[in-house]
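Below, chain A is the first sequence line, B the second, and so on; all start at residue 1.
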Protein chains: 4
Amino acid sequence: MAPESGPRRSERSRQAILAATRELIAEVGYGKLSIEGIAARAGVGKQTIYRWWPSKGAVVFDSLLALSQDSAGDIELPDTGDIRTDLRSVLRATVAEFADDEFQAPIRALHTEIMNDPQLATAYRERMDTPVREAKLRRLRSAQRAGQVAEDADLDLLLDMLYAPLTQRWLLRSGGIDAAFADALVDATLRAFAPA
Amino acid sequence: MAPESGPRRSERSRQAILAATRELIAEVGYGKLSIEGIAARAGVGKQTIYRWWPSKGAVVFDSLLALSQDSAGDIELPDTGDIRTDLRSVLRATVAEFADDEFQAPIRALHTEIMNDPQLATAYRERMDTPVREAKLRRLRSAQRAGQVAEDADLDLLLDMLYAPLTQRWLLRSGGIDAAFADALVDATLRAFAPA
Amino acid sequence: MAPESGPRRSERSRQAILAATRELIAEVGYGKLSIEGIAARAGVGKQTIYRWWPSKGAVVFDSLLALSQDSAGDIELPDTGDIRTDLRSVLRATVAEFADDEFQAPIRALHTEIMNDPQLATAYRERMDTPVREAKLRRLRSAQRAGQVAEDADLDLLLDMLYAPLTQRWLLRSGGIDAAFADALVDATLRAFAPA
Amino acid sequence: MAPESGPRRSERSRQAILAATRELIAEVGYGKLSIEGIAARAGVGKQTIYRWWPSKGAVVFDSLLALSQDSAGDIELPDTGDIRTDLRSVLRATVAEFADDEFQAPIRALHTEIMNDPQLATAYRERMDTPVREAKLRRLRSAQRAGQVAEDADLDLLLDMLYAPLTQRWLLRSGGIDAAFADALVDATLRAFAPA
DNA sequence: CAGTAAACGAGACGGTACGTCGTGTCTTATT
DNA sequence: AATAAGACACGACGTACCGTCTCGTTTACTG
């Protein structure tokens with residue numbers, strides 16, 4: 001209805017900025033990432049970045065969001081009928097991701113920002129974490145229906161106990177993570193929330 | 001016998017730097033903490049900081065290490081004979097700490113540094129984490145002997161499942177943390193590692 | 001026609017920098033003149049100085065150039081018809097200038113820079129020295145036409161013999177300079193280049 | 001007579017400092033000469049320099065004084081009986097010295113110091129300039145006796161008119177200096193102070 | 001199909017902090 | 001006592017980015 005003569009934002013510039021950000025995180029690391037550097041690499045004026053993003057963290061966030069949304073759409077966990085098997089394979093996949101340096105750097109960067117910016121933390125939760133978490137919850141509820149997980153289990157707690165040890169060891173480098181660790185994690189968690 | 005004419009470091013300056021660092025983290029926040037600011041506050045030349053610490057993170061680390069070592073000596077967890085009771089009280093204390101802004105800021109700062117500096121992560125593990133972790137392990141082993149925890153339990157995994165969800169929710173602000181959460185965490189963990 | 005979108009330099013900052021430089025040379029002396037000090041006094045970022053001047057000496061040079069160009073335009077020596085009278089009055093004026101501390105400090109500073117920076121020496125010659133020297137040469141040629149100076153006299157040499165002893169005594173403080181010295185210098189020089 | 005138990009100054013260190021100073025002026029230039037550098041090169045504590053010299057300029061001065069005193073002893077100008085011939089050869093020698101980069105750098109350094117330090121200027125005059133100037137005056141007085149220079153000539157003025165143009169052109173790079181210039185300078189000066 | 005207003009690239013600006021160098025003073029251990 | 005060594009407080013260096021601010025120059029919609 002409204003003519004919508006709002007900000008004529010350049011999609012070209014937007015993409016260039018997000019791409020440049022991703023490249024620079026990979027090349028020089030998050031610590032040496034600068035707005036100035038992003039603008040130069042993207043062939044864009046600094047103002048164009050400041051106009052559309054409130055902080056460096058927000059740019060980093062969007063640049064990774066763009067990535068993750070390519071593979072988004074409809075996330076669904078595998079469902080072989082056996083929750084243990086499925087969780088093991090999912091956790092093993094996560095372990096593999098964390099071992100891949102290509103993945104490490106940007107996600108670590110993102111976490112640094114999130115830790116120190118509550119607003120960003122909310123955005124992260126809503127736009128990146130929740131979709132995946134919903135899928136996990138769906139699979140767990142299916143397991144409950146199949147009698148593989150206690151009916152009254154607190155699934156949020158279950159997910160945290162399942163994933164937090166993994167994420168923490170990776171984030172703080174406080175311990176090795178491998179397939180065996182993933183398996184042990186799954187087993188212990190399922191024991192904790194086994195049906196009565 | 002040995003003349004020991006090593007580096008004639010000024011203890012006075014060292015203490016002033018560590019104190020200034022702690023004060024500034026509390027006052028202006030970690031993000032606005034600068035070497036320049038620390039030096040000025042401590043009444044010290046910048047070079048004196050650069051001479052003895054390799055990075056800002058290392059100064060932050062040492063400044064908190066000094067704190068934690070005051071209260072160190074011989075850490076011991078309570079032992080009422082009931083592991084559930086003891087873990088609940090310990091976790092509830094941690095929850096309280098995380099709610100206290102005085103504690104929050106510096107520890108969050110430290111974690112930011114650790115995440116992006118593997119060397120610092122090692123130092124953290126060895127000098128700050130391990131002593132506490134050892135005490136926790138001692139209490140758990142006592143629980144094993146009392147038949148309250150499975151004999152073959154992987155205690156490292158147990159500790160991670162017990163603490164990581166808490167730390168993670170706090171660090172990433174990904175969920176509320178309160179006494180009830182602490183209790184639920186203890187209960188689930190003990191279920192996972194209950195004796196056969 | 002030409003769009004001329006050259007360097008959008010701030011004239012305001014330029015003037016503030018040159019003024020601050022002049023003030024500081026007078027106040028704290030050349031030895032304690034610092035870029036940092038100039039920037040602070042001028043209310044300007046250091047980078048703005050580094051962006052437009054290659055060295056401290058160049059700033060000093062420009063700051064004095066600005067001064068001398070106020071009084072420039074068309075310099076002309078007095079011409080009473082008697083070269084001896086005119087040169088005496090001009091040299092006596094120079095002697096007076098050298099005695100004035102207001103003039104001393106900046107010019108001494110300038111000479112220090114010139115001595116150690118050939119590029120600056122060239123700039124000095126072209127933009128500050130030459131105009132004055134040309135005026136002197138004009139007066140001398142007029143004296144030649146009047147038969148008061150030898151027709152084949154090397155006027156450059158004449159000027160050097162006239163001025164160098166004065167400048168040198170002042171610069172190196174190697175001897176007193178007063179009106180009598182100026183007069184003796186004029187007389188000896190005119191003797192050396194008298195018509196046959 | 002006195003037991004002379006005064007400061008036991010290390011001649012070894014003194015020589016090492018003066019030598020290091022000379023070497024560094026030649027290697028890195030006067031502008032980048034530092035007390036720190038001299039001490040390091042000489043294998044000497046900084047304090048040893050500060051103890052015995054009041055300023056960097058004084059060290060530079062002494063380091064060159066040591067050089068010039070090697071060739072000192074009893075300076076005497078040539079005396080062929082013809083003052084024009086003798087002055088020409090002396091001035092040509094000076095021209096040659098100024099063209100030699102080995103000589104240039106340290107003398108230029110010395111002059112920079114002298115210009116900005118009146119005390120040093122005095123020391124220079126008394127200990128380095130006067131001996132040479134006396135020799136020049138002796139030769140000129142001999143020329144007066146030989147009727148080649150006016151009896152009432154102001155020999156100090158004569159020397160300044162003879163040397164200042166040369167020194168000035170070299171110091172400020174304000175003009176070329178060569179043998180022809182030296183000769184013209186001698187001729188003009190002798191004309192100015194020719195016997196009546 | 002111009003006219004115009006915004007978003008754009010470029011980059012200068014006032015600042016803050018960086019990490020380094022040199023100053024002149026000092027402290028310690030050696031000679 | 002003077003020395004070599006070097007830590008210290010301090011001040012300045014020259015650089016990197018910050019976030020804001022003009023500059024012309026597209027660009028895409030209105031009128």
Asks: Could you check which of F/dG19, E/dT23, F/dC23 has an atom nearest any side-chain atom of D/E36?
Replies: E/dT23
Asks: Which one, F/dA9, F/dT20, F/dC17, comes nearest to the side chain of B/S13?
Replies: F/dA9
Asks: Closest approach to the side chain of D/T48, judged atom by atom: which nucleotide of E/dC13, F/dA4, E/dA10 is it?
Replies: F/dA4
Asks: Looking at E/dC13, I'd like to know if its phosphate oxygens (OP1 or OP2) sit under 4.0 Å from a side-chain N or O belonging to C/R51.
Replies: yes
Asks: If only side-chain N and O atoms of B/W52 are considered, is one of them under 4.0 Å from the OP1 or OP2 phosphate oxygen of F/dC8?
Replies: yes
Asks: Taking the side chain as every heavy atom from C-beta outward, state whether B/R9 and B/W52 have any atom pair closer than 4.5 Å.
Replies: yes
Asks: Measuring to OP1 and OP2 of F/dG11, would you say a side-chain N or O of C/S34 lies under 4.0 angstrom away?
Replies: no
Asks: Taking the side chain of A/K46 as its heavy atoms from C-beta onward, which of F/dT20, E/dC21, E/dG9 lies nearest to it?
Replies: F/dT20
Asks: Do C/F61 and C/K56 have side-chain heavy atoms sitting under 4.5 Å apart?
Replies: no
Asks: Using whole Å, report how far OH of A/Y50 lies from P of F/dG19.
Replies: 4 Å
Asks: If you check every side-chain atom of A/V44, which of E/dT25, E/dG9, E/dC21 has the closest atom?
Replies: E/dG9
Asks: Round to a whole Å and report the spacing from CZ of C/R12 to C1' of E/dA12.
Replies: 15 Å
Asks: Taking D/R173 for its side chain and C/T122 for its backbone only, find out whether a donor-acceptor pair lies under 3.5 Å.
Replies: no
Asks: Measure CD/A/E11 against C1'/F/dT26 and give the value in whole Å, please.
Replies: 18 Å
Asks: So does A/T21 get a backbone contact from the side chain of A/R41, meaning a donor-acceptor N/O pair under 3.5 Å?
Replies: no
Asks: Could you tell me the separation between the CD1 atom of C/I49 and the P atom of F/dG14, rounded to a whole number of Å?
Replies: 11 Å
Asks: Expressed in angstrom and rounded to an integer, what is the separation of B/W53 atom CH2 from F/dA7 atom P?
Replies: 14 Å
Asks: Identify which nucleotide among E/dT28, F/dT3, E/dC13 has an atom closest to any side-chain atom of C/R9, counting heavy atoms from C-beta outward.
Replies: E/dC13
Asks: Run the side-chain hydrogen bond (donor to acceptor under 3.5 Å, both in side chains) test on A/Q104 and A/R108 for me, step by step, so that the C-alpha distance in whole Å, both residues' side-chain angles and the decisive distance to 0.1 Å come before the verdict.
Replies: CA-CA 6 Å; A/Q104 272 231 27; A/R108 203 173 277 274; 3.2 Å; yes
Asks: Take atom CD of A/Q47 and atom C1' of F/dC18, then tell me their distance rounded to the nearest Å.
Replies: 12 Å
Asks: For A/R41 and F/dC17, give me the distance from atom CZ to atom P, rounded to whole Å.
Replies: 13 Å
Asks: Judged by each residue's nearest nucleotide on DNA chain E, which is more toward the 5′ side, D/G37 or B/K32?
Replies: B/K32
Asks: Using whole Å, report how far CZ of B/R14 lies from P of F/dC8.
Replies: 12 Å
